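Below is one structure, written out as structure tokens; comments come after it.
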There are 2 protein chains.
Amino acid sequence: MIAANNPRLKTWIEVPENSDFPIQNIPFGIIKPAGKEPRPATRIGDTVIDLSTLTDFGYFDELDIDNYGVFLAPVLNDFMALGAPIWSAVRNRLSELFNIDNTELQNNEGAMANCLCGINDVEMMLPVEVGDYTDFYSSIEHATNVGIMFRDPENALLPNWKHIPVGYHGRSSSIVVSGTEIHRPMGQTKGDDMKAPSFGPSRLVDFELETAFITGKSSKLGEHVSIEETDDYIFGMVLFNDLSARDIQKWEYVPLGPFLSKSFGSVISPWIVTMEALQPFMVEGPKQEPAVLPYLEFTGKKNIDINLEVSLSPEDGDDTIICNSNFKFMYWNMNQQLAHHTINGCNINIGDMYGSGTISGPTPDSYGSMLELSWKGTKPIKLSDGSERKFIQDNDTITMRGHAQNSNYRIGFGECVTKILPAK
Amino acid sequence: MIAANNPRLKTWIEVPENSDFPIQNIPFGIIKPAGKEPRPATRIGDTVIDLSTLTDFGYFDELDIDNYGVFLAPVLNDFMALGAPIWSAVRNRLSELFNIDNTELQNNEGAMANCLCGINDVEMMLPVEVGDYTDFYSSIEHATNVGIMFRDPENALLPNWKHIPVGYHGRSSSIVVSGTEIHRPMGQTKGDDMKAPSFGPSRLVDFELETAFITGKSSKLGEHVSIEETDDYIFGMVLFNDLSARDIQKWEYVPLGPFLSKSFGSVISPWIVTMEALQPFMVEGPKQEPAVLPYLEFTGKKNIDINLEVSLSPEDGDDTIICNSNFKFMYWNMNQQLAHHTINGCNINIGDMYGSGTISGPTPDSYGSMLELSWKGTKPIKLSDGSERKFIQDNDTITMRGHAQNSNYRIGFGECVTKILPAK
């Protein structure tokens, strides 16, 4: 067992009941304390731990790190570049330092004042510099729902879907951190009954409930990352809101795929939960039939049991949970996605991000987009204040939450919050 | 007139007849001299001029530059960040320094030995760090040819094509500089007569003759770059070989667009030719009918008369020119592409790259891909050695060349060279 995952561990930091961030989590993020530069941090309960000041006070001295500058960088890319053994060593060291029996930091008031602060005292920043971003389409329930609605109910899945973890290149510049407010996009749309397209604000802004993984290791152009090697490349995961303007998408996407319907903002949760922390929650995925080609064959449990929920709150209104899904439903797993991505020799970089595709479950309340939840607008979603939604309205806030839970503890992602502002 | 474009300028550097690089060009690139770090440079004739040593010798002292470190950076991004007035000032200063009447450098043997060398004494590097890469689809001849071959000869253009400069997100990590050898990609393909896909080397590797522009100014998420503002954002252009594996593309691309069929390598020419240098070659584009939406309306000449050619040479064989096209044929211009790209608030960064899409002309010898030249493999292309090609074979080298020419001088791009190696 990975030491830092020991369910018996307790910490001297206060951890609220049902916190996403017990001592077994130890995610990585970038904080900006008031008046200071952004820097790497972790979180236990509602306490944020500044890794740059921990370094200054010598708490990482025993680690075999060539470049301690990684803990003063404004993104985690250089830290990830140190490699998986160091990711693990840092996580274990943090686990040790905040163990209830450890007094190294606990008894050093000066260090504590410098290294710890409340989550509300910092601004959360984008944790990585994203080189390339790829979005997959790996939920069979989502692909089926979309196929039924827009193509052919009898042949909802396209012929390639069960052979290829279908994916496409996305826009990385517009990936922002939770809390960033996004304006409703302007664009061209054309109704079926219109002769020509018209221009204006999108009327069909939607969320897509996704997770994303981040690679912490690079490969060279021309190299394949075999499915056995993929685990070494995946640093961790975040929640991902792949905002989509359905009416813009419908008009623009043939024949080369979504473009402006997706690039007006994609929102991630700020804490990267490591694959190590998620290890206890690995489960079998759905049976893949027909059998996949050999380069996509894998062994072991590669799906993860992560409960996911989405809520919508109107301005000054209450939160209504409108979707309960789970990452375990995914047909294609992350290892297959990465093995496929590199089978042509495409090189990957540290900090690259890979969206799962909308995570829909088998029941209507588990669909991961308003398109599916409202079934193309035909079944409006009821909110707790009595109002209804087909798609996102101006000033609505979408909040995604996710956590894995067993009888011992919960490993969570915190929140991914997106408020949609009126068009500019 | 822009001073550095004066056709009467002569230089004390030797310039071979019909060189792409007269003193009126002054492109920007990144060179790596043997044993030294990569650094910015320009080129006149076959002479490379090291901008970092020019800086060291004080030749840029009169320029109002805050950060001379940009001339020792391994990519041009920081130089571009200085803004259009500085791009212009540096180009004018170089024009002045290498003017035949100027003795500042010409008479300083020590400085000359440090600042100048032959093009064959340096390695050319990727000139920019590419954040995001977008590929457009803006040649009406190309889109029509593809539509005739794969969809419906009667309705070759899709309904959105004349309303939207159709584009899609591409992979930036696999953009490499001219001369990089690319392995034939492995992947899934499925013939129409096959029940299931098979795995192996792509059999239909193709080039796409494109140009790409590079933005030297960034915008913020939520902002639109209006078509009037777009000129301020475009730093310059390169030749772009958008390598494509047609059989992989055919199987993977529905419904979300090309993915692994394009991300095994995209090759650019090393010298960025500035928009300023191309100014004398602006021409009217094709009439756009139906009229475009107001945000895509432009004034002035926005197409550019750039002769483009592609040649193929088998290993140890002669070069055969297989395509003669021209950038002036493009239906959508770069200003429209950028205004469209940002209409939804998508932010752009310095170093982002934008491919034109395959540049096909109206005649069969001007088609910008082997798919079109060989008309889907039905009309093999004859090479000078008597052999034939439908698509690219192992160890074939594709060379793209491009230049604008008037009665005074030629502004060229040099070469974009790609050798296809056997699959790994």
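Numbers restart at 1 for each chain; the letters A, B, ... are given by sequence-line order, proteins then strands. Keep in mind the model is a prediction, meaning the values are calculated, not measured.
- Interface residues of residues 416-424 of chain A toward chain B, defined by a heavy-atom distance below 4.5 Å and sorted by number: K424(A).
- Of the listed residues (H183(B), Q188(B), M186(B), H340(B)), the one with the most heavy-atom contacts under 4.5 Å to chain A is Q188(B).
- With ring centers used as reference points, Y233(B) lies 6.0 Å or more from Y354(B).
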Going through the distances and angles, do W332(A) and Y137(A) end up as a ring-ring contact (aromatic ring centres under 6.0 Å, His included)?
CA-CA 9 Å; W332(A) 296 101; Y137(A) 186 57; over 10 Å; no
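- Heavy atoms of D352(B) lying under 4.5 Å from chain A belong exclusively to its side chain.
- At a 4.5 Å heavy-atom cutoff, the contact between T134(B) and chain A is made by side-chain atoms alone.
- Looking only at distances, a side-chain donor or acceptor of S139(A) sits under 3.5 Å from a matching main-chain atom of H142(A).
- At distances below 3.5 Å, not a single donor-acceptor pair connects side-chain atoms of S369(A) with backbone N or O atoms of F207(A).
- Heavy-atom distances place the side chain of L158(B), and not its backbone, under 4.5 Å from chain A.
- With respect to chain B, the highest number of heavy-atom pairs below 4.5 Å among G187(A), P185(A), G131(A), G170(A) belongs to G170(A).
- No donor-acceptor distance shorter than 3.5 angstrom exists from the side chain of Q336(A) to the backbone of E297(A), with no hydrogens or angles considered.
- The choice from G222(B), A245(B), S218(B), A143(B) that makes the most heavy-atom pairs within less than 4.5 Å of chain A is G222(B).
- In this structure, chain B has a heavy atom under 4.5 Å from the side chain of I182(A), while its backbone stays farther away.
- Counting only distance, with no hydrogens or angles, the side chain of R203(A) and the backbone of T189(A) share no donor-acceptor pair below 3.5 Å.
- Proximity of a side-chain donor or acceptor of N241(A) to a complementary backbone N or O of S266(A) within less than 3.5 Å is not detected.
- Heavy-atom pairs under 4.5 Å with chain B peak, among L293(A), I248(A), N347(A), at N347(A).
- Using a 4.5 Å cut-off between heavy atoms, I164(B) contacts chain A through both its backbone and its side chain.
- At a 4.5 Å heavy-atom cutoff, P290(B) makes no contact with chain A through either its backbone or its side chain.
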For S172(B) and D132(B), what are the C-alpha separation, side-chain angles and deciding distance, and is it a side-chain hydrogen bond (donor to acceptor under 3.5 Å, both in side chains)?
CA-CA 6 Å; S172(B) 60; D132(B) 277 292; 5.7 Å; no
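- A salt bridge does not link D135(B) with R171(B): none of the charged nitrogens is closer than 4.0 Å to a carboxylate oxygen.
- For a residue to count as touching a neighbouring chain, one of its non-hydrogen atoms must lie under 4.5 Å from one of that chain's; by this rule I175(B) does not touch chain A.
- A donor-acceptor contact shorter than 3.5 Å links the side chain of T144(A) to the backbone of I140(A).
- If you measure heavy-atom distances from H341(B) to chain A, the contacts under 4.5 Å come from both the backbone and the side chain.
- Of the atoms belonging to V254(B), heavy atoms from both backbone and side chain fall under 4.5 Å from chain A.
- Neither the backbone nor the side chain of F150(B) has a heavy atom closer than 4.5 Å to any heavy atom of chain A.
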Considering only distance and modelled atom types, tabulate donor-acceptor pairs under 3.5 Å from the side chains of residues 193-202 of chain B, sequence neighbours left out.
from	atom 1	to	atom 2	distance (Å)
S202(B)	OG	L204(B)	N	3.2
S202(B)	OG	D247(B)	OD1	2.7

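- For chain A, the nearby part of R151(B) is the side chain; its heavy atoms alone come within less than 4.5 Å.
- The OH atom of Y331(A) lies 6.5 Å from the CH2 atom of W161(A); values are rounded to the nearest 0.5 Å.
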Can you list, pair by pair, the side-chain donor-acceptor contacts under 3.5 Å of residues 257-264 of chain A, counting residues two or more places apart and other chains?
from	atom 1	to	atom 2	distance (Å)
S261(A)	OG	E252(A)	OE2	2.7
K262(A)	NZ	E208(A)	OE1	3.0
K262(A)	NZ	E208(A)	OE2	3.4
K262(A)	NZ	D242(A)	OD2	3.0
K262(A)	NZ	S244(A)	OG	2.9
S263(A)	OG	F259(A)	O	3.3
S263(A)	OG	N344(B)	ND2	3.0

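- Heavy-atom pairs under 4.5 Å with chain B peak, among Y133(A), Y168(A), W251(A), at W251(A).
- Residue contact with chain A, scored on non-hydrogen atoms closer than 4.5 Å, involves the side chain of E129(B) exclusively.
- For V130(B), no part lies near chain A; criterion is any non-hydrogen pair under 4.5 Å.
- Heavy-atom pairs under 4.5 Å with chain B peak, among G265(A), G345(A), P255(A), at P255(A).
- Here the CG atom belonging to L338(A) is positioned 6.0 Å from the OG1 atom belonging to T230(A), to the nearest 0.5 angstrom.
- E229(A) is linked by a side chain to side chain donor-acceptor pair (under 3.5 Å) to S226(A), counting only residues two or more places apart in sequence or in another chain.
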